[in-house]
Asks: 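There's a structure below that I have some questions on.
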Protein chains: 4
Amino acid sequence: MVISLKLDSDTPLYEQLRNQIVIGIATGKLLPQEKLPTVRQLAEDLGINTMTVNKAYALLKQEGYIVIDRRHGAKVNWQPADLTDSTEHTAKLEQKLELIIAEAVIHGIDNEHFHKLCEQTYEKMNDYH
Amino acid sequence: MVISLKLDSDTPLYEQLRNQIVIGIATGKLLPQEKLPTVRQLAEDLGINTMTVNKAYALLKQEGYIVIDRRHGAKVNWQPADLTDSTEHTAKLEQKLELIIAEAVIHGIDNEHFHKLCEQTYEKMNDYH
Amino acid sequence: MVISLKLDSDTPLYEQLRNQIVIGIATGKLLPQEKLPTVRQLAEDLGINTMTVNKAYALLKQEGYIVIDRRHGAKVNWQPADLTDSTEHTAKLEQKLELIIAEAVIHGIDNEHFHKLCEQTYEKMNDYH
Amino acid sequence: MVISLKLDSDTPLYEQLRNQIVIGIATGKLLPQEKLPTVRQLAEDLGINTMTVNKAYALLKQEGYIVIDRRHGAKVNWQPADLTDSTEHTAKLEQKLELIIAEAVIHGIDNEHFHKLCEQTYEKMNDYH
DNA sequence: GTGGTCTAGACCACA
DNA sequence: GTGGTCTAGACCACA
């Protein structure tokens with residue numbers, strides 16, 4: 001899986017890394033139980049500090065996306081049961097949607113157009129059900 | 001229109017302010033051509049620094065959501081023609097959707113469920129067409 | 001409030017710091033809404049790195065014990081309503097008690113004796129109800 | 001006696017193992033003088049390294065919970081007289097209680113509620129007196 | 001070999 | 001002035 005970071009982005013490196021791994025999991029580029037690179041390895045590959053990778057991994061662990069095992073490093077968790085549709089997640093999602101859709105509406109994107117964009121994205125995702 | 005800021009949020013104050021104004025415009029709480037409070041006034045009302053409000057207004061202006069006229073202060077711009085479906089906006093939107101939908105998929109929210117959430121939000125928006 | 005860290009402890013510095021602040025809040029040495037020292041200041045006072053203090057503060061924030069406001073730094077949160085008796089906390093507490101009480105039983109400390117020790121500790125805590 | 005380790009826990013494996021054995025002794029799942037599995041056997045059963053089991057056993061021995069005899073392997077020690085209420089243990093216990101109770105108080109658990117939780121746990125323990 | 005912690009020092013966004 | 005992020009480099013516990 002290819003990860004590319006933008007050094008000049010507003011989004012911190014550790015968050016970009018976290019985001020790309022989340023997308024990697026959802027699109028099936030990273031499979032459940034798949035081993036992630038070690039902190040050291042990934043830091044070297046990306047040309048960034050181990051602490052930065054560490055922070056991304058710690059965040060992903062805290063969010064339940066990965067599992068960290070002292071023996072074998074980090075693995076993709078995604079056992080749907082763990083995370084399925086928590087009300088907390090849905091609440092956050094609704095808030096993000098409100099803003100995104102507000103921006104879209106102002107730019108003339110109507111419900112149908114928006115729905116089409118969503119469907120395109122959904123098609124890139126794996127179907128784990 | 002009521003604006004409430006979370007002082008302890010991860011989102012900077014100026015960005016929260018910008019977001020709420022964008023949502024205000026999209027939902028019709030702020031009408032096209034409507035005059036916004038002066039920087040000084042809004043800063044006082046919200047108990048924050050004028051610099052912060054200034055930054056939010058500058059951002060909104062740069063994005064085309066408002067226009068600033070030295071004589072009359074800030075006004076809501078939204079003339080659909082100005083902003084309609086720029087490729088730049090669509091590209092950003094698709095990127096945001098990719099992340100949001102990745103997270104949603106992992107949390108077990110399928111296309112239909114997601115679509116329903118979007119429609120609910122769209123119903124809260126004004127129809128300017 | 002006096003904070004003393006043991007450099008040779010098994011407990012990481014950031015966790016020791018977190019623990020002492022939690023105890024400070026519970027015992028009333030730190031009052032609700034009270035401002036904590038800045039990251040820099042506390043790091044200097046304790047002779048440790050700012051990152052370490054940062055980590056402790058981030059943890060306390062995540063757990064809801066403090067609130068971080070970009071304008072004025074960190075403040076004690078403790079509004080009982082926020083944290084009151086979450087089932088999650090109770091479950092963790094029961095697990096910790098199981099181990100502690102197992103050790104106590106083996107060392108000949110019976111229910112009554114244990115209860116007395118708890119009461120002594122409770123008396124040092126503030127009563128916020 | 002069933003031992004289950006969480007590979008992705010923050011608590012090191014050897015410490016989890018030590019804790020479960022201590023709880024096993026206190027609850028009577030392991031009886032005084034009872035023989036523990038060999039290091040090799042337990043490591044195999046749990047699917048972990050013999051070094052890890054070794055470390056747990058060494059710790060339990062050092063703490064006086066078990067005795068290790070080259071001929072007969074490891075046995076549960078617990079002869080109450082050996083460990084009864086050492087001041088060292090009491091001091092450590094008080095420190096642990098201080099933190100746990102601080103957290104409990106902040107989460108709205110009062111003395112009575114806490115006492116009830118303790119009693120429930122005590123009921124699961126064996127009475128060796 | 002693995003992640004976790006810590007330091008000294010730096011720069012940046014926010015307010 | 002505030003916290004947030006990042007680096008280079010180091011050491012440690014765990015396995």
Side-chain angles (χ1 to χ4, degrees), chain A residues 5 7-17 35-44 46-58 61 66-75, chain B residues 5 7-17 43 46-56, chain C residues 5 7-17 35-44 46-58 61 66-75, chain D residues 5 7-17 43 46-56:
Chain A
L5 304 177
L7 296 175
D8 61 335
S9 164
D10 290 334
T11 313
L13 293 178
Y14 79 90
E15 203 175 322
Q16 290 184 47
L17 187 48
K35 200 175 166 308
L36 294 176
T38 67
V39 170
R40 268 182 245 280
Q41 186 62 53
L42 190 50
E44 196 184 334
L46 297 173
I48 62 177
N49 196 282
T50 55
M51 291 270 306
T52 308
V53 178
N54 204 324
K55 193 162 183 178
Y57 277 21
K61 177 189 175 186
I66 67 172
V67 155
I68 296 176
D69 171 347
R70 266 209 205 77
R71 300 181 306 169
H72 308 109
K75 273 190 324 182
Chain B
L5 303 177
L7 297 176
D8 61 326
S9 164
D10 289 331
T11 312
L13 293 179
Y14 81 92
E15 203 175 322
Q16 291 184 49
L17 187 49
L46 298 173
I48 61 178
N49 202 302
T50 54
M51 294 291 291
T52 308
V53 178
N54 223 327
K55 194 161 182 178
Chain C
L5 304 177
L7 296 174
D8 61 333
S9 164
D10 290 333
T11 313
L13 293 178
Y14 79 90
E15 204 174 322
Q16 291 182 48
L17 187 47
K35 201 176 167 307
L36 294 175
T38 66
V39 170
R40 268 183 245 281
Q41 186 62 53
L42 190 50
E44 197 184 334
L46 297 173
I48 62 176
N49 196 281
T50 55
M51 291 270 306
T52 308
V53 178
N54 204 323
K55 194 161 182 180
Y57 276 21
K61 177 190 175 187
I66 67 172
V67 154
I68 296 176
D69 171 345
R70 267 210 206 75
R71 300 181 305 168
H72 307 109
K75 275 189 320 182
Chain D
L5 304 177
L7 297 176
D8 60 326
S9 164
D10 290 331
T11 311
L13 293 179
Y14 82 92
E15 203 176 321
Q16 291 184 50
L17 187 49
L46 297 172
I48 62 179
N49 202 302
T50 54
M51 293 291 289
T52 308
V53 178
N54 225 326
K55 195 162 183 178

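Chain letters run A, B, ... following the sequence lines, proteins first, then strands; residues in each count from 1. Computed from heavy atoms alone, side chains included, the values below leave out hydrogens, waters and symmetry copies. Since the structure is predicted, the reported quantities are computational estimates derived from the model, not experimental observations.
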Asks: Rounded to the nearest 0.5 Å, how far does CG of C/L36 lie from NZ of C/K75?
Replies: 10.5 Å
Asks: Going by heavy atoms in the side chains, are B/L46 and B/L13 under 4.5 Å from each other?
Replies: no
Asks: Please output the side-chain donor-acceptor pairs of residues 48-55 of chain D that fall under 3.5 Å, not counting sequence neighbours, one pair per line with the distance.
Replies:
{"unit_1": "D/N49", "atom_1": "OD1", "unit_2": "D/M51", "atom_2": "N", "d": "3.0"}

Asks: Assuming nearest nucleotide by heavy-atom distance, tell me which of A/L7 and C/L36 is located more 5' along DNA chain F.
Replies: C/L36
Asks: If you take all heavy atoms of C/H72 and C/K35, which pair is closest and at what distance?
Replies: O-CE, 3.0 Å
Asks: If each of C/T38 and A/G47 is mapped to the nucleotide of DNA chain F with the nearest heavy atom, which maps nearer the 5' terminus, i.e. the 5' end?
Replies: C/T38
Asks: Measure from NZ on C/K75 to C1' on F/dT2 and round the result to the nearest Å.
Replies: 15 Å
Asks: Can you give me the closest heavy-atom contact between A/P37 and A/Y57, atom names plus distance?
Replies: O-OH, 2.7 Å
Asks: C/N54 near the nucleic acid: base, sugar-phosphate alone, or nothing, with a heavy-atom cut-off under 4.0 Å?
Replies: base
Asks: Would you compute the distance between atom CG of A/D69 and atom OG of D/S9 and round it to the nearest 0.5 angstrom?
Replies: 10.5 Å
Asks: Does atom CD (C/E15) have a neighbourhood of more than 12 heavy atoms from anything else shown, all under 6.0 Å?
Replies: yes
Asks: Provide, to the nearest angstrom, the distance between the CG atom belonging to D/D8 and the P atom belonging to E/dT2.
Replies: 19 Å
Asks: Could you write out each protein N or O paired with an N or O of nucleotides 13-15 of chain F at a distance under 3.5 Å?
Replies:
{"unit_1": "F/dC14", "atom_1": "OP1", "unit_2": "D/Y14", "atom_2": "OH", "d": "3.2"}
{"unit_1": "F/dC14", "atom_1": "OP2", "unit_2": "D/K55", "atom_2": "NZ", "d": "3.0"}
{"unit_1": "F/dA15", "atom_1": "OP1", "unit_2": "D/L13", "atom_2": "N", "d": "2.9"}

Asks: Rounded to the nearest angstrom, tell me the gap between atom CD1 in A/I68 and atom C1' in E/dT5.
Replies: 14 Å
Asks: Do C/R40 and F/dG1 have a side chain to base donor-acceptor pair shorter than 3.5 Å?
Replies: no
Asks: Does A/L5 offer a backbone N or O that forms a donor-acceptor pair with the side chain of A/Q16 under 3.5 Å?
Replies: no
Asks: For DNA chain E, just give me the dot-bracket, please: Watson-Crick or G-U, both distances below 3.5 Å, ( ) intra-strand, [ ] crossing earlier pairs, | paired with another strand, . unpaired.
Replies: ||||||||||||||.
Asks: Separation of A/D10 atom CG from F/dC6 atom P, in whole Å?
Replies: 12 Å
Asks: For A/D69 and E/dG1, give me the distance from atom CG to atom C1', rounded to whole Å.
Replies: 13 Å
Asks: What's C/I48 touching, base or sugar-phosphate or nothing? Going by heavy atoms closer than 4.0 Å.
Replies: sugar-phosphate
